[in-house]
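All heavy atoms count here, side chains included; hydrogens, waters and symmetry mates do not.
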Amino acid sequence: MIDYHLHLWSHGAKDHPVLLEELAAYCEHAATQGVSEIAVTEHFYRFSQARSILSGYFRRYPESAMRDLMEDYWESNATADLDQYVAVVQEAKAAGLPIVMGLEVDYYPEAMDRVQSLLQGYPFDVLLGSVHWIDAWPFDHVDDPVVMAEWERIGVEPAWSAYTRALEELAATHAVDVLAHPDLVKVAGHRPSVPTEYYDRMAEAAAAAGIAAEVSSAGMRKPVEEFYPAPELLKRFLDRGVALTTASDAHGLGDVADRAPAIRSLLASEGVTTLRRFERRVGSQVAL
């Protein structure tokens, strides 16, 4: 079992220097839940190197309260040093900790070439791909009532349609190795009456790109109270031969390997026996 989606800093909290002791504690806690390898995958936007190539990105969208909120949030978070992060994770690997180095990379339409060019200069093992916002709307900020009010203005069907299109485009860039929380758009509990078209498109996007999809317990800690992906989407991934990773999307030690035994049981019930692990962005099989 693996946990291939872990963060070191809580949402909205200031970053702190990455410490070898912190990574060791993550590994130790994961082992208590039967997890033999972890991937540290901090958000790319939390690093000053992201600002160096993407500062002002959200100004491409029409002026609005959402754009101002998103730009302020993004710019205020891009303060950590990617080189320091990489150096400490490499130190942890050299010390024999069962850890691989990754990032969670958001989709930036018309700018992914810049992102890819920067990240190619680092020895990452795995890159997760995510869609956390639709244009300048951070739809997964479930604790912000102003953000959540946009669901009524935009509508569930248009939101799901835009999200699915962004996920398809992200997969097609081949910039990432895994689709993280692939149906994140359900996070607040809003679903279209017939989601099957979107599920089919999400699964086909992963299959066509040859990338893996993540099975994550994070949704159980959100208003939707469901694993990512939904059971119907998971079946579509399996039907199309899409490889899987497993994850907690923890933002602190307490949630590392969250519900790992439940994920294992779920996948075993679907006949899954192997997961996809990565080293220097090359995938291989590991036992569930």
Side-chain angles (χ1 to χ4, degrees), residues 2-33 35 38-51 54 58 69-89 92 97 99-106 126-133 137-148 178 180-181 184-189 214 216-228 245-260 263:
I2 59 177
D3 187 344
Y4 259 40
H5 191 158
L6 294 167
H7 300 274
L8 301 173
W9 309 311
S10 299
H11 284 301
K14 181 175 172 53
D15 61 85
H16 59 264
V18 182
L19 301 175
L20 183 61
E21 295 79 6
E22 184 177 18
L23 300 179
Y26 270 40
C27 293
E28 292 169 8
H29 187 82
T32 67
Q33 301 302 309
V35 171
I38 68 170
V40 180
T41 55
E42 194 49 73
H43 291 286
F44 175 53
Y45 70 76
R46 300 218 58 172
F47 296 98
S48 59
Q49 286 83 352
R51 181 193 285 124
L54 293 168
F58 292 97
L69 182 154
M70 188 70 248
E71 186 166 32
D72 289 347
Y73 179 85
W74 195 93
E75 293 282 351
S76 65
N77 273 280
T79 57
D81 180 47
L82 186 58
D83 295 321
Q84 192 268 342
Y85 168 84
V86 168
V88 177
V89 179
L97 292 179
I99 190 169
V100 299
M101 181 170 64
L103 282 181
E104 183 175 7
V105 182
D106 287 290
V126 62
L127 296 178
L128 310 183
S130 299
V131 176
H132 283 111
W133 45 76
W137 173 40
F139 63 85
D140 70 330
H141 289 201
V142 294
D143 295 326
D144 188 329
V146 175
V147 174
M148 289 297 98
V178 183
H181 36 59
L184 178 65
V185 67
K186 72 184 181 187
V187 62
E214 175 185 278
S216 170
S217 62
M220 297 297 292
R221 306 190 300 272
K222 300 295 184 178
V224 69
E225 295 185 334
E226 181 182 76
F227 288 154
Y228 305 112
T245 65
T246 49
S248 65
D249 197 358
H251 284 73
L253 182 61
D255 287 327
V256 171
D258 177 46
R259 296 175 173 86
I263 295 176

**OP:** To the nearest 0.5 angstrom, please state how far the CG atom of Leu253 sits from the OH atom of Tyr26.
**Re:** 6.5 Å

Original post:
Any donor and acceptor pair, going by atom type alone, linking the side chain of Ser130 with main-chain N or O of Asp106 inside 3.5 Å?
Top reply: no

Original post:
Going through the distances and angles, do Leu97 and Leu20 end up as a side-chain contact (heavy atoms from CB on, under 4.5 Å)?
Top reply: CA-CA 10 Å; Leu97 292 179; Leu20 183 61; 4.1 Å; yes

Subject >> Closest contact, heavy atoms only, Ser248 versus Arg221 >> reply: O-NH2, 2.7 Å

**OP:** Looking only at non-hydrogen atoms, find the nearest pair between Asp249 and Asp3 and report the distance.
**Re:** N-OD1, 4.5 Å

Original post:
Under the salt bridge (charged side-chain N to carboxylate O under 4.0 Å, His left out) rule, what pairs show up with a residue in residues 70-88, not counting sequence neighbours?
Top reply: Arg51-Glu75, Arg59-Glu71

Original post:
Which word best sums up how the rings of His7 and His43 line up, parallel for under 30°, tilted for 30 to 60°, or perpendicular for over 60°?
Top reply: parallel

Original post:
Which heavy-atom pair separates Val185 from Phe139 by the least distance, and what is that distance?
Top reply: CA-CE1, 3.6 Å

**OP:** Look up atom NE2 in His132 and atom CE in Met70, then write down how far apart they are to the nearest 0.5 Å.
**Re:** 9.5 Å

Subject >> Minimum side-chain heavy-atom gap Ile38-Leu23 below 4.5 Å >> reply: no

**OP:** Heavy atoms only: give me the nearest Asp140-Leu184 pair and the separation to one decimal.
**Re:** OD2-CD2, 4.0 Å

**OP:** Rounded to the nearest 0.5 Å, what's the gap from CZ on Arg46 to CG on Leu8? Could you check?
**Re:** 9.5 Å

Original post:
Looking only at heavy atoms, which two atoms of Ala247 and His5 are closest? And how far apart?
Top reply: CB-CB, 3.3 Å

Subject >> Main-chain N/O of Lys14 paired with Trp9 side-chain donor or acceptor, under 3.5 Å >> reply: no

Subject >> Aromatic centroids of Tyr73 and His141 separated by under 6.0 Å >> reply: yes

Original post:
Are Val126 and Thr245 side-chain neighbours, meaning at least one heavy-atom pair lies under 4.5 Å?
Top reply: no

Original post:
If you measure from CD1 on Ile263 to CG on Asp258, what distance do you get to the nearest 0.5 Å?
Top reply: 7.5 Å

Original post:
How about Leu54 and Tyr45: do any of their side-chain heavy atoms sit closer than 4.5 Å?
Top reply: no

**OP:** To the nearest 0.5 Å, tell me how far Phe47 CZ sits from Leu82 CG.
**Re:** 5.5 Å

**OP:** Any chance you could measure His181, atom NE2, to Ser216, atom OG, to the nearest 0.5 Å?
**Re:** 7.0 Å

Original post:
Can you tell me if Ser48 uses its side chain to pair, donor with acceptor, with the backbone of Thr79 under 3.5 Å?
Top reply: no

**OP:** Output all residues satisfying side chain to side chain contact (heavy atoms under 4.5 Å, CB included) with Ala50, sequence neighbours left out; order by chain, then residue number.
**Re:** Phe44, Trp74

**OP:** Would you name the heavy atoms of Trp133 and Pro138 that are closest together and state the gap between them?
**Re:** CB-CA, 3.9 Å

Subject >> Side chain to side chain, Val18 and Val40, heavy atoms closer than 4.5 Å >> reply: no

**OP:** Could you check Tyr228 against Glu214 for side-chain contact (heavy atoms from CB on, under 4.5 Å), going step by step and ending with a plain yes or no?
**Re:** CA-CA 7 Å; Tyr228 305 112; Glu214 175 185 278; 5.8 Å; no

